[in-house]
There are 2 protein chains.
Amino acid sequence: MKDSKPHNWRRRRGYHHGNLKEVLVEAARQLIEQRGPEGFSLTEAARLAGVSAAAPYRHFRDREALLTEVARTGFEHFASQLEMAWDGGRPSPIKAFTNVGRAYLTFAGAEPASYSAMFEAGLSVEDSPELKVAADRAFAALRSASQMVIETAPKSATRPPGDLMSLHIWSMSHGVATLFSKGKPGCGKAPLSNEEILETGILLYLKGLGVIPADQ
Amino acid sequence: MKDSKPHNWRRRRGYHHGNLKEVLVEAARQLIEQRGPEGFSLTEAARLAGVSAAAPYRHFRDREALLTEVARTGFEHFASQLEMAWDGGRPSPIKAFTNVGRAYLTFAGAEPASYSAMFEAGLSVEDSPELKVAADRAFAALRSASQMVIETAPKSATRPPGDLMSLHIWSMSHGVATLFSKGKPGCGKAPLSNEEILETGILLYLKGLGVIPADQ
DNA sequence: TCCTTCATGTTAACAGTTCTTACTTCATAC
DNA sequence: GTATGAAGTAAGAACTGTTAACATGAAGGA
């Protein structure tokens with residue numbers, strides 16, 4: 001669906017499935033997209049994968065373990081997208097930074113199930129070291145980009161630490177990504193697209209930082 | 001818990017409960033706080049209210065109807081808090097505006113169940129007119145405050161429409177409120193409190209607007 | 001004062017669904 | 001040709017939402 005290499009989706013050549021683990025993760029994603037992170041069932045994921053209800057237990061200890069795997073792979077993919085968008089700050093830090101913002105929304109829109117497993121499923125990072133590693137990688141991308149943007153500001157300007165700036169940007173991105181979707185409480189009052197809302201917001205924030213001249 | 005008048009919580013003087021509807025809503029809030037919006041059960045809410053599993057159907061058509069009521073009353077309360085914090089723009093629009101931001105976080109922290117029913121439960125505003133009314137009231141508070149702040153900006157500055165500004169502020173507030181809590185993926189990297197993160201973010205945004213002098 | 005009415009409870013049951021385990025069977029790699 | 005990993009089958013125990021039929025008791029009119 002998003003990967004270049006084909007998944008052999010639901011293709012089994014015999015008794016053994018072959019790649020049940022990946023297929024279960026993908027099935028879980030489909031279900032989460034429909035019913036939300038708490039509403040998906042291990043049994044139904046198995047059914048969707050064309051396999052018995054007990055089969056998943058060969059690959060996942062728990063229902064929660066599958067959910068965690070969805071979140072983990074989501075963070076991995078998320079991090080890749082952000083890093084790619086940042087592209088080392090090319091062509092310019094500011095331009096690259098807005099690209100990161102766009103990439104954030106693109107990911108949230110293209111993989112809503114991953115996104116909600118990552119941020120709305122109530123998983124704790126402390127429960128799984130692998131999850132923490134993947135999450136940290138994504139945040140590191142945001143933080144290093146923020147840091148580099150800040151350093152382009154004139155010395156006279158107020159320069160908050162890169163950590164803080166990345167939290168600001170992250171918050172606004174997350175807010176835009178989760179609030180303004182179909183049917184959500186705040187929808188309808190926005191004649192603009194998510195991308196436009198976030199981009200104008202980031203631009204104003206960057207002006208406040210002094211990174212962008214105020215009269216632009 | 002948050003109201004001045006006592007609820008007669010779980011007090012029944014006979015066969016009839018007296019105020020079962022309110023008590024069920026409050027019970028649902030407790031459960032949602034523990035298990036999330038999708039994880040609460042009508043049966044368990046009834047049990048918590050000290051009443052049979054069928055009793056709630058006298059007051060709510062559905063499981064979802066109860067969830068909707070949690071969200072609706074949440075929005076009502078939310079709107080009140082925001083309006084109170086804004087206080088007509090006193091003592092100054094900027095000060096009042098940061099008060100609104102603080103009130104936003106206070107509400108999300110004090111009533112996490114309401115908040116998640118309002119924004120993370122996947123309820124559609126279109127399904128219930130009453131829900132829409134309550135939600136609109138909250139957003140109106142945010143929008144009128146934004147509008148008034150914008151009008152204090154010098155004419156030379158870029159002045160986005162109040163609608164757009166309120167979406168920016170709402171996004172950042174929602175992001176801060178939902179991202180940086182105990183155990184959440186992004187927690188731990190923040191040596192600052194939610195309030196500090198949001199306040200510094202809003203201040204930088206307002207500088208970008210030209211509402212606050214840049215060298216402050 | 002009594003008797004009816006009716007909103008509000010209760011009990012009981014149906015029809016699903018889920019998670020999870022124990023044991024069995026298959027097919028592949030060594 | 002067998003060890004082993006990966007599926008299937010079956011079953012238990014627990015929930016759930018929801019409905020139907022019955023019980024209660026407070027309010028108000030006769």
Salt-bridge present (B:E199, B:R102; N to O < 4.0 Å)
yes
When you look at CD of B:E151, are more than 12 heavy atoms from neighbouring residues, nucleotides or ligands closer to it than 6.0 Å?
yes
Is there any protein nitrogen or oxygen under 3.5 Å from a nitrogen or oxygen in nucleotides 12-15 of chain D, and what are the pairs?
none

Sorted by number, residues from residues 57-66 of chain B placing a heavy atom under 4.0 Å from DNA chain D are B:Y57, B:R58, B:D62, B:R63
Cationic N near anionic O, under 4.0 Å, B:E76 to B:R137
yes
Under 6.0 Å between ring centres, would you say that holds for B:Y205 and A:Y205?
no
Look at all strands and tell whether B:A55 reaches a base, only sugar-phosphate, or nothing, counting heavy atoms closer than 4.0 Å.
base
From CG of B:L20 across to C1' of C:dG9 the rounded distance in Å is 9 Å
In whole Å, what is the span from the CG atom of A:L42 to the C1' atom of C:dT21?
14 Å
Take the protein atom CD of B:E38 and the nucleotide atom P of D:dG17, then report the distance between them rounded to whole Å.
12 Å
Between the CG atom in A:L131 and the CD atom in A:E69, the distance rounded to the nearest 0.5 Å is 9.5 Å
I need the residues from residues 67-74 of chain B with at least one non-hydrogen atom less than 4.0 Å from DNA chain D; give them sorted by number, or say none.
none
Using whole Å, what does the distance between atom C1' of nucleotide C:dT18 and atom CG of A:L48 come to?
16 Å
Strictly under 6.0 Å, is that where the ring centroids of A:F75 and A:F119 end up?
yes
Any salt bridge linking A:R35 with B:E38? Criterion: basic side-chain nitrogen under 4.0 Å from a carboxylate oxygen.
no
Has the side chain of A:Q30 got a donor or acceptor atom that lies under 3.5 Å from a matching backbone atom of A:A27?
no
Classify the angle between the aromatic ring planes of A:H174 and B:H174 as parallel (below 30°), tilted (30 to 60°) or perpendicular (above 60°).
parallel
For the side chain of A:A54, counting heavy atoms from C-beta on, which of D:dG17, C:dT10, C:dA22 is nearest?
C:dA22
Is it true that A:R29 and A:E33 make a salt bridge, defined as a side-chain N closer than 4.0 Å to a carboxylate O?
no
Under 3.5 Å donor-acceptor, A:E196 side chain and A:S193 backbone:
yes
